[in-house]
Amino acid sequence: MKRDLIKDVLAATGRDIPVTVAGWVRTRRDSKGGFSFIELNDGSSFGNIQVIADEKLPNYESEIARLFPGGSVVVKGTLVASQGSGQRVEVVADEVRVLGFCEPNDYPLQKQRVSFERLREIAHLRPRTNTFGAVLRVRNALAWATHRFFQERQFYYVHTPIITASDCEGAGEMFQVTTLDLDQLPMRDGAVDFAEDFFGKPAGLTVSGQLEGETYACALGNIYTFGPTFRAENSNTRRHLAEFWMIEPEMAFADLQDDADLAEDYLRYLFTYVLENCVEDLAFFNQRIEKTLLETLTRLATSTFKRITYTEAVDLLKKAPVTFEFPVGWGTDLQSEHERYLTEEVFKCPVTVINYPREIKAFYMRLNDDEKTVAAMDVLLPQVGEIIGGSQREDRHDLLMQRIVDNGLNPEDYWWYLDLRRFGGVPHAGFGLGFERIVQFCTGMHNIRDVIPFPRTPKNASF
RNA sequence: UCCGGCGUAGCUCAAUGGUAGAGCGGGUGGCUGUUAACCACUAGGUCGUAGGUUCGAGCCCUACCGCCGGAGCCA
């Protein structure tokens, strides 16, 4: 069907021109002047087009008067300057063809406030609301901006595997993937015989593409992944999903400072991009969801993020004139309340914390010269918390081997990962960014379940 | 998984242990270039589930289910 996007119609400068728009009715108001106002939305923009449907239209009584929120129509008409005050233009209909009626008694989205909790139960209809339409458009813009950012900098997009049978990812609980009959498991010596399974050994859904990403960075220079990630943690918070999307760049010939620079450049790029390309949607979020959103994004788009070492962070927290629920001490991980204090109270901006104690970080992070800390970094955002976790990777074969052993891991499981250090190893670094968390931050949406179309969380995989 | 809160009309929420209510949405009528429209009338309920206490439970107790917030784990 040839149609005009409502976004383009609303922005059109011409008048008295023929247009065809198609979409879903948001609301209908009747005038006793002998016509109805129909507000139509097709998802192309936040705003609706107002359609004037005269009672002289042949299907006015039989169909147009029966249009309620949710009904779908195609309207052929003329774009004119609006006589009313709420909108610049409107469409005077020559024809309103109803594609699908929508019974108001059954349709859950009426002209009323519906809670986000309720909308999660009707996730197939919630994209028709103002909020979720805006979320999707911002999410789309952030995805597009991500590819643009890395492509402009000559990073290659690498597709790392979703299913992985390597036992060595180590980040969080894995979902198991199997074709075995769970009611009749093949047993051998008292244990499940995975030789019978599809891959001949236990397999799971990826919890990170990093290790595979490193192999491509150590051949092609700079790469990034952008794909689904799965964590079978029983996490019930507003910042966790069991299935989420993660962006993981990896740079060869790079150290931790390069890594932190990239992370900050990337975040600023995203903020700038949505500010320039999602004006209407962000204005809505700023008005209805988070009053400081535009001010915050605008400030951060050009700001330098605070960068401090873990040791400095601990000193700051020890001197803090507030009492924390959890004690602060060098050698323990920073608690949420500590991170929030740093970003929201001390610096009031994103904070990159670097050089954590080796004991609390992953085995693959590069040991610093002090031999007490590793070249790790976390980027913390106000409200959202940890959005990026990254590091310079341990590129010295013997030290990596030692770290693997010290962590109680089996070096044989990491033979190919160790090979990268045997054959022309180079310093390299990268990070992982939780895509939904950046969507949360850029929309001000409070719950991560409302920034992904169909959230998967413990006890919930509907739709 | 732990701590706290919540579950009542299609939706958002009220209701000292004593006859279940309002607003929005729907229907009918009125009014209007309207725009969260407005005014009047009207229909609409197994109070999350299962037990228990009580003369009597939406309200008190127990268990379970689900949702929300915080924590942990992390992105």
Side-chain angles (χ1 to χ4, degrees), chain A residues 26-40 47-54 66 68-70 80-87 90 92 102-122 129-130 170-173 207-210 228-248 263 288 324-326 333-340 360-362 377-381 384-390 431-441 446-452 457-460 462:
Chain A
R26 281 295 172 80
T27 175
R28 190 198 83 228
R29 295 178 293 271
D30 300 326
S31 167
K32 277 296 183 294
F35 53 92
S36 291
F37 301 96
I38 302 169
E39 283 204 45
L40 209 59
N48 309 319
I49 189 77
Q50 177 164 285
V51 173
I52 311 297
D54 196 278
R66 289 171 51 216
F68 294 98
V80 300
S82 178
Q83 298 174 32
S85 57
Q87 57 285 316
E90 62 196 18
V92 177
C102 189
E103 274 305 312
N105 276 326
D106 302 329
Y107 189 60
L109 296 177
Q110 296 303 325
K111 284 194 303 176
Q112 61 198 335
R113 228 177 252 113
V114 180
S115 66
F116 289 141
E117 290 83 0
R118 167 70 184 144
L119 287 173
R120 275 173 221 147
E121 297 169 7
I122 48 172
T129 63
N130 284 335
E173 291 294 314
V207 294
S208 165
Q210 177 199 319
T229 307
F230 308 88
R231 303 266 169 97
E233 301 283 359
N234 190 12
S235 295
N236 291 288
T237 80
R238 60 186 182 84
R239 339 179 270 289
H240 286 88
L241 291 165
E243 176 184 291
F244 63 99
W245 288 68
M246 188 154 65
I247 293 131
E248 295 179 287
R288 300 294 284 271
F324 295 112
E325 187 186 345
F326 295 93
D333 215 346
L334 301 180
Q335 303 290 318
S336 285
E337 57 174 346
H338 304 145
E339 297 177 345
R340 287 201 1 225
I360 59 173
K361 287 293 182 182
M377 67 163 186
D378 284 354
V379 180
L380 313 173
L381 284 187
V384 171
E386 184 180 341
I387 187 146
I388 285 177
F431 61 80
L433 175 137
F435 186 58
E436 282 73 20
R437 288 192 181 169
I438 200 69
V439 181
Q440 257 189 293
F441 189 76
H446 298 133
N447 196 307
I448 200 167
R449 293 161 200 159
D450 297 327
V451 297
I452 189 168
T457 52
K459 301 277 184 286
N460 184 6
S462 303

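Throughout, protein chains are lettered first and strands after them, A, B, ... in sequence-line order, and every chain is numbered starting at 1. Note: hydrogens, waters and symmetry copies are ignored here, and every other heavy atom, side chains too, is used.
A donor-acceptor contact under 3.5 Å is not formed by the side chain of A:E39 with the base of B:rU34. Residue A:R437 places a side-chain atom within donor-acceptor reach of the base of B:rC74, judged by atom type and a 3.5 Å distance cut-off alone.
To the nearest 0.5 Å, atoms CD (A:E39) and CD (A:E90) are separated by 11.0 Å. The distance from the CG atom of A:L109 to the CD1 atom of A:I122 is 4.5 Å, given to the nearest 0.5 Å.
The strand RNA chain B forms stems, runs of 3 or more Watson-Crick or G-U wobble pairs with distances below 3.5 Å, at B:1-7 with B:65-71, B:10-13 with B:21-24, B:26-30 with B:38-42, B:48-52 with B:60-64.
If A:Q83 and A:I388 are placed on RNA chain B by their nearest nucleotide, the residue sitting closer to the 5' end is A:Q83. Positionally, the nearest nucleotide of RNA chain B for A:S336 lies more toward the 5' end than for the other of A:S336 and A:W245.
At the phosphate of B:rU32, neither OP1 nor OP2 sits under 4.0 Å from any side-chain N or O atom of A:S31.
The same atom, P, is picked in B:rA22 and in B:rU42; the two are 11 Å apart, to the nearest Å. Annotation: B:rU46 and B:rC3 have their C1' atoms spaced 33 Å apart (nearest Å). Straight-line distance between the P atoms of B:rU53 and B:rG21: roughly 29 Å, to the nearest whole Å. B:rU34 and B:rC39: their C1' atoms are spaced 16 Å apart (whole Å). Atom P of B:rA36 sits at a distance of 24 Å from the matching atom of B:rG30, rounded to the whole Å. As rounded to the nearest Å, B:rG5 and B:rA63 have P atoms that lie 14 Å from one another. Comparing the same atom, P, in B:rC11 and in B:rC47 gives a spacing of 15 Å after rounding to whole Å. As rounded to the nearest Å, B:rC61 and B:rC73 have C1' atoms that lie 35 Å from one another.
In this structure, NE2 of A:H240 is placed 11 Å from C1' of B:rA71, rounded to the nearest angstrom. Protein atom CD of A:E243 is 17 Å distant from nucleotide atom P of B:rA75, rounded to whole Å. In this structure, A:E339 atom CD and B:rC73 atom P are separated by 10 Å, rounded to whole Å. Taking atom CG of A:D333 as the reference point, atom C1' of B:rC74 lies 10 Å away to the nearest angstrom. Following rounding to the nearest Å, A:Q50 (CD) and B:rA37 (C1') show an atom-to-atom distance of 12 Å. One interatomic measurement links the two molecules: CD of A:E436 to C1' of B:rC74, which rounds to 14 Å at whole-angstrom precision. Rounding to whole angstrom units, CG of residue A:L241 and P of B:rC73 are separated by 18 Å. Between the P atom of B:rG66 and the CZ atom of A:R449 lies a distance of 13 Å, rounded to the nearest Å.
Checking side-chain atoms of A:N460 against main-chain N and O of A:S462 turns up a donor-acceptor pair under 3.5 Å. Counting only distance, with no hydrogens or angles, the side chain of A:S235 and the backbone of A:T237 share no donor-acceptor pair below 3.5 Å. Judged by distance alone, the side chain of A:E248 and the main-chain N or O of A:G209 form a donor-acceptor pair under 3.5 Å. Checked by atom type and distance alone, the side chain of A:E337 pairs as donor or acceptor with a backbone atom of A:E325 at under 3.5 Å. Side-chain atoms of A:R239 never come within 3.5 Å of backbone atoms of A:I448 as a donor-acceptor pair (strictly under, hydrogens ignored). In this structure, the side chain of A:R120 does not engage the main chain of A:D450 through any donor-acceptor pair within 3.5 Å. The main-chain N or O of A:E173 is found under 3.5 Å from a side-chain atom of A:E233 such that the two form a donor-acceptor pair.
Comparing atom distances between the A:Q335 side chain and each of B:rC67, B:rG72, B:rG26 picks out B:rG72 as nearest. Here the side chain of A:E233 is nearest to one of B:rC74, B:rA71, B:rC73, namely B:rC73. The side chain of A:R238 lies closest to B:rG69, out of B:rA37, B:rG69, B:rA75. The nucleotide whose nearest atom lies closest to any side-chain atom of A:E90 is, among B:rG33, B:rA75, B:rG27, B:rG33. The side chain of A:M246 has B:rA75 as its nearest neighbour among B:rA71, B:rU35, B:rA75.
Residue contacts shown for A:T229 are absent, as no nucleic acid heavy atom lies under 4.0 Å away. Residue contacts for A:R340: at a heavy-atom cut-off of 4.0 Å it reaches the sugar-phosphate backbone alone, with no base atom in range. Across all strands, A:R120 comes closer than 4.0 Å only to sugar-phosphate atoms, never to a base (heavy-atom distances). In this structure, A:Q87 reaches the bases: a heavy-atom distance under 4.0 Å links it to at least one base atom across the strands shown. As judged by a 4.0 angstrom heavy-atom cut-off over every strand, A:E103 is placed among residues making no nucleic acid contact. Nucleic acid contact class of A:S82 (heavy atoms, under 4.0 Å, all strands): base. Note on A:I247: nothing from the nucleic acid sits closer than 4.0 angstrom, heavy atoms only. Contacts of A:E337 with the nucleic acid, taken as non-hydrogen atoms under 4.0 Å apart, are absent. At a threshold of 4.0 angstrom between heavy atoms, the contacts of A:N48 with the nucleic acid are absent. Nucleic acid contact for A:G432: sugar-phosphate only, since backbone atoms but no base atoms lie under 4.0 Å from a heavy atom of the residue. Residue contacts for A:R28: at a heavy-atom cut-off of 4.0 Å it reaches no nucleic acid atom on any strand shown. Among the atoms of the strands shown, base atoms are found under 4.0 Å from some heavy atom of A:F35.
Taking a cutoff of 4.0 Å between a charged side-chain nitrogen and a carboxylate oxygen, A:R437 and A:E386 do not qualify as a salt bridge. Using a 4.0 Å cut-off between charged nitrogen and carboxylate oxygen, A:E121 and A:R118 count as a salt-bridge pair.
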Review point. Base, backbone or nothing for each nucleotide of nucleotides 1-12 of chain B, written B, S, -, heavy atoms under 4.0 angstrom, 5' to 3'?
Key: B--------BBS
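Put simply, A:F244 rests on the base of B:rA75: the two rings are less than 5.5 Å apart at their centres and nearly parallel, under 30°.
Ring centroid separation for the pair A:H338 and A:F326 does not come in under the 6.0 Å cut-off.
Closest approach of A:H446 and A:R238 over heavy atoms only: O-NH1, 3.2 Å.
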